[in-house]
Amino acid sequence: MGKKRKHGETETAEPTKKDEGAPVRPKRTLLGWKDKDEAKKQAESNPDSTQVFRNKEKVMVTCSRRINYRYRHLMLNMVSLLPHCKKDNKVESRSSKGATLNELIELRGCSSALFFECRKHQDLYLWMAKCPSGPSVKFLVNAVHTMEELKLTGNHLKGSRPLLTFSSNFEKDAHWKLLKEMIIQVFGIPKEHRKSKPYHDHVFVFSIVDDHIWFRNYQISVPHNESDKMVRGGLDKMTLVEVGPRFCLNPIKIFAGSFGGPTLYENPFYVSPNQIRALEKRQKAGKYAKKVKAKTRRKMHELSNPLEPDEFADMWRE
């Protein structure tokens with residue numbers, strides 16, 4: 001029998017096998033799938049590209065309990081116009097609503113809020129707030145007309161980004177500039193938002209008339225016929241068709257905090273709806289008082305000027 005070979009001689013250098021598992025999955029980003037090596041190369045080549053600002057604005061929209069059906073439809077219209085908003089359950093309209101809303105906004109991961117507060121089933125107040133540090137604005141909403149009520153011919157795609165236009169009055173005073181910046185941040189839909197469409201086909205118009213902010217929504221209508229085809233950049237053939245809704249915002253106060261805090265601005269021309277209704281009641285009560293005074297004057301006149309006795313009054317009593 002031959003000699004047995006040693007155990008070390010039988011082992012041969014086996015070629016190292018490569019890992020046959022699945023390749024490492026690249027990291028997913030907001031702009032798509034991205035490889036780590038490619039990301040490092042891009043960061044080294046373009047150091048300024050890592051500091052690009054990305055708008056991640058999210059707005060929570062909610063309302064108070066016992067809201068009117070008309071104001072609820074207005075809130076739903078605003079939800080349909082703002083794809084970056086999140087709708088939440090109704091909140092009780094109390095003095096502690098600010099802390100409750102701030103907690104809800106934080107839980108929902110939002111940075112702004114639109115709170116529709118209805119009082120006495122007839123007065124609508126709109127709170128526009130930046131959370132959690134503020135500022136916040138309280139508006140009185142007047143002249144409300146919803147989309148279902150108007151039935152206008154305008155129509156635009158749901159989720160498309162709007163163009164925001166402001167009248168020149170917003171540049172006059174400091175409080176109008178602050179309101180303009182808040183409106184831009186709340187109503188401006190972030191670019192490349194997952195629920196938005198990447199083009200503009202309607203306009204939000206904010207104009208100041210008599211110290212009130214009037215809101216309008218218009219569709220940008222462009223002719224699609226070959227004969228009327230518009231040249232790129234030409235605005236002559238563009239038309240605006242109103243879509244809705246319509247409402248008017250009367251600013252009451254601007255607070256430094258979220259749903260409260262120190263008062264930054266107070267509208268000196270604001271008159272509450274309760275005072276207006278009380279004045280109307282006084283005017284109606286004035287009419288009644290005039291009638292009572294007329295009756296007393298008539299009685300005093302009759303007593304001061306009595307009629308002469310009629311000589312034929314007792315002729316037929318016999």
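- Shown here for His84 and Val186, the closest heavy-atom pair between the two residues is NE2-O, 3.0 Å.
- Counting only residues at least two apart or in different chains, side chain to side chain donor-acceptor pair (under 3.5 Å) contacts with residues 159-186 comprise Lys130-Gln185, Ser160-Asp201, Ser160-His202, Glu171-Lys180, Glu181-Gln185.
- Residues Ser64 and Glu117 bring no donor and acceptor atom of their side chains to less than 3.5 Å of each other.
- Within 6.0 Å of the NZ atom in Lys87, the count of heavy atoms belonging to other residues, nucleotides or ligands does not exceed 12.
- Atom CG of Asp210 sits in a sparse spot, with 12 or fewer heavy atoms from other residues, nucleotides or ligands closer than 6.0 Å.
- Contact check for His156 versus Asn217: side-chain heavy atoms found under the 4.5 Å cut-off.
- The ring of Phe206 has its center no closer than 6.0 angstrom to the ring center of Phe170.
- Other residues, nucleotides and ligands place more than 12 heavy atoms under 6.0 Å from the CD atom of Glu149.
- Note that the CE atom of Met60 and the CG atom of Asp88 stand 5.0 Å from one another [nearest 0.5 Å].
- Side-chain heavy atoms closer than 4.5 Å link hydrophobic residues (I, L, V, M, F, W, Y) into clusters, and following such links, possibly through other members, connects Ile105 to Phe115.
- Asn250 has its side chain out of reach of Phe269: every pair of non-hydrogen atoms, C-beta onward, lies at least 4.5 Å apart.
- Remark: Arg216 engages Glu242 in a salt bridge, criterion side-chain N to carboxylate O under 4.0 Å.
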Quiz prompt | Audit row: Lys120, Arg66, side-chain contact (heavy atoms from CB on, under 4.5 Å) steps and yes/no | solution = CA-CA 9 Å; Lys120 296 186 177 180; Arg66 294 173 294 275; over 6 Å; no
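- Taking CZ of Phe116 as the start and CG of Leu124 as the end, the distance is 7.0 Å to the nearest 0.5 Å.
- Residues Leu178 and Pro135 come closest through the heavy atom pair CD1-CG, 4.1 Å.
- Residues Ile276 and Val271 form a side-chain contact, since some pair of their non-hydrogen atoms from C-beta on lies under 4.5 Å apart.
- Residues Arg277 and Pro273 form a side-chain contact, since some pair of their non-hydrogen atoms from C-beta on lies under 4.5 Å apart.
- The two residues Cys110 and Lys58 make their nearest non-hydrogen contact at CB-O, 3.4 Å.
- Under 4.0 Å is where a charged nitrogen must lie from a carboxylate oxygen, and between Glu280 and Lys284 no such pair does.
- You'll find the side chain of Val59 stays beyond 4.5 Å of the side chain of Phe187, heavy atoms only.
- Hydrophobic clustering keeps Tyr218 apart from Leu164 (ILVMFWY residues linked when any side-chain heavy atoms are closer than 4.5 Å, directly or through intermediates).
- By the side chain to side chain contact (heavy atoms under 4.5 Å, CB included) test, Pro132 is found to be paired with no residue, residues two or more places apart in sequence or in another chain being considered.
- Linking ILVMFWY side-chain heavy atoms closer than 4.5 Å, directly or via other members, places Tyr265 and Leu126 in a single hydrophobic cluster.
- Across every non-hydrogen atom of His200 and Pro162, the tightest pair is ND1-O, 3.7 Å.
- Between the CG atom of Leu104 and the CG atom of Asn102 there is a distance of 9.0 Å, given to the nearest 0.5 Å.
- With a 6.0 Å radius and a threshold of 12 heavy atoms from other residues, nucleotides or ligands, Lys86 has its NZ atom above the threshold.
- Using cut-offs of 30° and 60° on the angle between ring planes, the pair Phe259 and Trp127 is tilted.
- Taking the charged nitrogens against the carboxylate oxygens, Glu266 and Lys138 have no contact shorter than 4.0 Å, which rules out a salt bridge.
- Note that CD of Glu92 is 10.5 Å distant from NZ of Lys90, once rounded to the nearest 0.5 Å.
- Rounding to the nearest 0.5 angstrom, the gap separating the CG atom in Leu107 from the CD atom in Glu103 is 5.5 Å.
- Ile184 and Ile213 fall within a single hydrophobic cluster, where Ile, Leu, Val, Met, Phe, Trp and Tyr side chains are chained together by heavy-atom contacts under 4.5 Å.
- Two residues are said to be in side-chain contact when any heavy atoms from C-beta on lie closer than 4.5 Å; Thr146 and Leu74 meet this criterion.
- Under a 3.5 Å cut-off, the side chain of His193 and the backbone N or O of Lys56 do not form any donor-acceptor pair.
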Quiz prompt | Candidate pair Met128 and Phe139, rule side-chain contact (heavy atoms from CB on, under 4.5 Å), full reasoning | solution = CA-CA 8 Å; Met128 186 186 298; Phe139 297 100; 4.0 Å; yes
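- No more than 12 heavy atoms of other residues, nucleotides or ligands sit less than 6.0 Å from atom CD of Glu106.
- Residues Cys118 and Asn68 share a closest heavy-atom pair of SG-N, 3.9 Å.
- Summarising the geometry of Leu81 relative to Gly244, their closest heavy-atom pair is CD1-O, 4.4 Å, with the distance given to 0.1 Å.
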Practice problem: Before giving the answer on side-chain contact (heavy atoms from CB on, under 4.5 Å), spell out for Ile220 and Leu240 the whole-Å C-alpha distance, their side-chain angles and the decisive distance to 0.1 Å. | Solution: CA-CA 5 Å; Ile220 302 174; Leu240 296 179; 4.1 Å; yes
Exercise. Please test Phe255 against Thr263 for side-chain contact (heavy atoms from CB on, under 4.5 Å), starting from the C-alpha separation and ending with a verdict.
Key: CA-CA 5 Å; Phe255 300 97; Thr263 303; 3.9 Å; yes
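- Side chains of Leu152 and Val241 form no contact here, defined as non-hydrogen atoms less than 4.5 Å apart.
- Contact annotation: the side chain of Leu82 approaches that of Leu114 to within less than 4.5 Å [non-hydrogen atoms, C-beta and beyond].
- Side-chain atoms of Lys197 come within 3.5 Å of backbone atoms of Lys158 as a donor-acceptor pair (strictly under, hydrogens ignored).
- Here the straight-line distance linking atom CG of Asn89 with atom OG1 of Thr62 works out to 7.0 Å at 0.5 Å rounding.
- Hydrophobic clustering places Phe247 together with Val79 (ILVMFWY residues linked when any side-chain heavy atoms are closer than 4.5 Å, directly or through intermediates).
- With hydrogens and angles disregarded, a donor-acceptor distance shorter than 3.5 Å links the side chain of Ser136 to the backbone of Gly257.
- The main-chain N or O of Met147 is found under 3.5 Å from a side-chain atom of Asn77 such that the two form a donor-acceptor pair.
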